[in-house]
Amino acid sequence: MTPLTFLQSWKDLARHFKIVSSLHMRDLFATDAKRFSRFSIRFDDMLFDFSKNRITKETFALLIRLAKEAGVEKYRMAMFNGERINITENRAVLHVALRNRSDRPICVDGVNVMPEVNCALTKMCNFSTVVRNGSWFNINDGIVDIVNIGIGGSNMGPMMVIEALKPFVQNGITCHFISNVDDSNIYQVLKRCRPETTLFIIASKTFTTQETIINSQTARAWIVKNLGEKAITRHFVAISANKNAAISFGIDINNIFSFWDWVGGRYSLWSTIGLSIAIAVGFERFEELLFGAFDIDEHFRMEPLAKNIPVIMAMLGIWYIDFFGATTHAILPYDQYLYRFPSYLQQTDMESNGKSITRDGRMVDYHTGPILFGDVGTNGQHAFYQLIYQGTQLIPADFIATVCSHNPVGNHHRLLMSNYFAQSKALMIGKSRETVRDELIQQGFSGDSLEIAISHRVVLGNRPTNSLLYCKLTPRTLGRLIALYEHKIFVQGVIWQINSFDQWGVELGKKLANIILPELNGSKQTDAHDSSTNGLINHYNELC
Ligand code: G6Q
């Protein structure tokens, strides 16, 4: 594999950067009337505007050339063809099969996985229907509490989606999520549930994850205490690839939903892990979500690189991270229902591309995955935007917004949207020294205090942003949005030559926790670790 920095397009970009880095977007807009139409793409009702980026026609062409030269098309095909591209775990990466709404077979080792996928979907459909219509608990109406017990990929996707699709959640169904091993998490949830009508979904691909197992045992004890041992089969279902462990826990074999090793945890909300979503919003809407992702899968699979939204998003990210030295990326949804979207993407992106070793085992000599952060507009504006405007770091940002509110109240949505449009404009255009000077002179400033005041108030602008704007946050739109980011992450992983589908780093901390657990005994002093860890453990043992 040719190292990334040896590729001709990379070298050309490095040269080209020297020219572009001194250009201001204000001038690029002023000298090109077609900039918006050149650098924006419409996908159905969704508009992707990337014209407020520090690029020229030549930058764009070079970035697309890099995508080609780095093999994005080849790897894209390999993923869709079920090849084992997760090389360190020797697995295919097929979340695209989970939402393949066509009859196109998708094979792993020559076996079409689609019949099994469709069979699991039918089972989800049947199950979610009986829970929703009350027949699972034999009730006509009233509240049903759905408690998803899972962590990481078995928690964040469903939790984000159910929040995002709240307007579609059936009355009477309340979804709760227990993920943290912290006892306060389960305590707060159980406090709000009625045992008679509570359904626990144990979501764990491996069924060995410490947090999920202990939370499930506590939930099991709660049901047994309130309803007796026999109630377990009615009140617990499992989603797992480890059927035997689920059966040993007491789950009825008919209530175990399958999971495949080619579904990565953080890409699994489209699978049976989405059961809580199907129960909350109904299977039809869950299917719409799948259709949305499928729309983008087809777009990603078929469109040429230069017209391919996730490819463009990815290449712009590469441009900033590897040439401008950006280390972060802000996700800024102007849509309250997407308030969990930034933290959801944190896992998808940072666990996937937080790597520094190439697929062939070399240490990279360039930066890879960015630190993702964000919050909903306008909250973020009153919190961290200042750093994006005037801090020392370049922070590329994605502005995401919905044209129509689910809950139109007075002038709220227009106000929200005026902020959405204003922020990306202000970040791009900034406020020049001359404008600030004129304003301050009018306010009576002069002399030294005028010069100092000017320096503080100048906003350089030239801060890059993408804007995504769609009609309404429906399940289909949400599916599209998530899939766009998934494929963006995929493309960046290909460019950086890393494996985006494993997470060996997090294993280390998990193993150490198991070693430390028996030392938290409230008595004996430990000297088994470094002095800091010893000191912390000993302080804990002294106080507990
Ligand atoms: C995601 C990771 C990780 C995983 C959790 C839960 O890609 O693999 O977040 O989803 O560790 O694992 P289980 O589903 O096996 O409990």
Side-chain angles (χ1 to χ4, degrees), residues 79 84-98 120 147-161 177-182 185-186 200-220 236-249 251 256-277 340 343-355 369 372 482-483 485-487 489-490 492-493 498-514:
M79 173 169 73
R84 292 176 185 266
I85 57 170
N86 176 358
I87 46 158
T88 62
E89 296 176 320
N90 192 29
R91 287 176 183 160
V93 174
L94 274 184
H95 42 283
V96 292
L98 301 167
V147 183
N148 189 88
I149 305 182
I151 195 164
S154 299
N155 163 70
M156 299 189 79
M159 188 163 70
M160 180 276 287
V161 169
F177 290 87
I178 299 175
S179 52
N180 198 341
V181 74
D182 188 329
N185 189 185
I186 191 160
F200 291 97
I201 301 176
I202 307 180
S204 178
K205 181 173 166 180
T206 54
F207 221 91
T208 56
T209 306
Q210 188 196 52
E211 294 90 336
T212 303
I213 298 307
I214 192 163
N215 278 324
S216 302
Q217 282 162 352
T218 303
R220 190 186 198 283
F236 283 87
V237 300
I239 303 156
S240 188
N242 185 353
K243 265 203 173 122
N244 291 339
I247 293 169
S248 306
F249 182 88
I251 312 249
I256 300 175
F257 294 81
S258 344
F259 203 117
W260 302 273
D261 74 351
W262 41 259
V263 184
R266 54 190 172 274
Y267 298 92
S268 66
L269 71 89
W270 321 100
S271 71
T272 48
I273 288 289
L275 185 63
S276 54
I277 306 172
R340 286 198 184 278
S343 59
Y344 164 77
L345 282 184
Q346 253 173 4
Q347 187 203 17
T348 328
D349 202 322
M350 292 165 74
E351 204 166 55
S352 296
N353 286 341
K355 313 285 163 63
L372 245 77
I482 303 167
Y485 280 93
E486 285 179 345
H487 293 317
I489 292 162
F490 173 86
Q492 292 189 330
I498 55 179
N499 179 12
S500 302
F501 303 103
D502 58 11
Q503 57 283 319
W504 295 105
V506 293
E507 296 301 321
L508 175 64
K510 278 198 225 168
K511 289 218 171 91
L512 264 176
N514 285 331

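In this chain, numbering begins with 1 at the start of the sequence shown. Numbering of ligands and ligand atoms starts at 1, following listing order.
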Inset, instruction - Step by step, work out the side-chain hydrogen bond (donor to acceptor under 3.5 Å, both in side chains) result for Ser268 and Ser271. - result: CA-CA 5 Å; Ser268 66; Ser271 71; 4.6 Å; no
Inset, instruction - Using atom types as modelled and distance alone, determine if a side-chain donor or acceptor of Asn86 lies under 3.5 Å from a backbone N or O of Phe501. - result: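 Between the backbone of Phe501 and the side chain of Asn86 there is a qualifying donor-acceptor contact (under 3.5 Å).
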Legend entry - Within 6.0 Å of CD1 in Ile87, more than 12 heavy atoms from elsewhere: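 Yes, the 6.0 Å shell around CD1 holds more than 12 heavy atoms from other groups.
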Inset, instruction - Using a strict cut-off of under 4.0 Å between a residue heavy atom and any atom of ligand 1, list the qualifying protein residues by chain and number. - result: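 Ile151, Gly152, Gly153, Ser154, Ser204, Lys205, Thr206, Thr209, Gly265, Arg266, Gln347, Glu351, Gln503.
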Inset, instruction - Could you tell me whether the side chains of Thr206 and Asn242 share a donor-acceptor contact shorter than 3.5 Å? - result: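 Per modelled atom types, Thr206 and Asn242 side chains form no pair under 3.5 Å.
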Inset, instruction - Work out which heavy atom in Thr212 is nearest to a heavy atom in Gly150; give both atom names and the distance. - result: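 So the two residues come closest at OG1-CA, 3.6 Å.
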Inset, instruction - Would you mind listing every salt bridge (Lys or Arg N to Asp or Glu O under 4.0 Å) that reaches into residues 266-277, with sequence neighbours excluded? - result: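 For residues 266-277: Arg266-Glu351.
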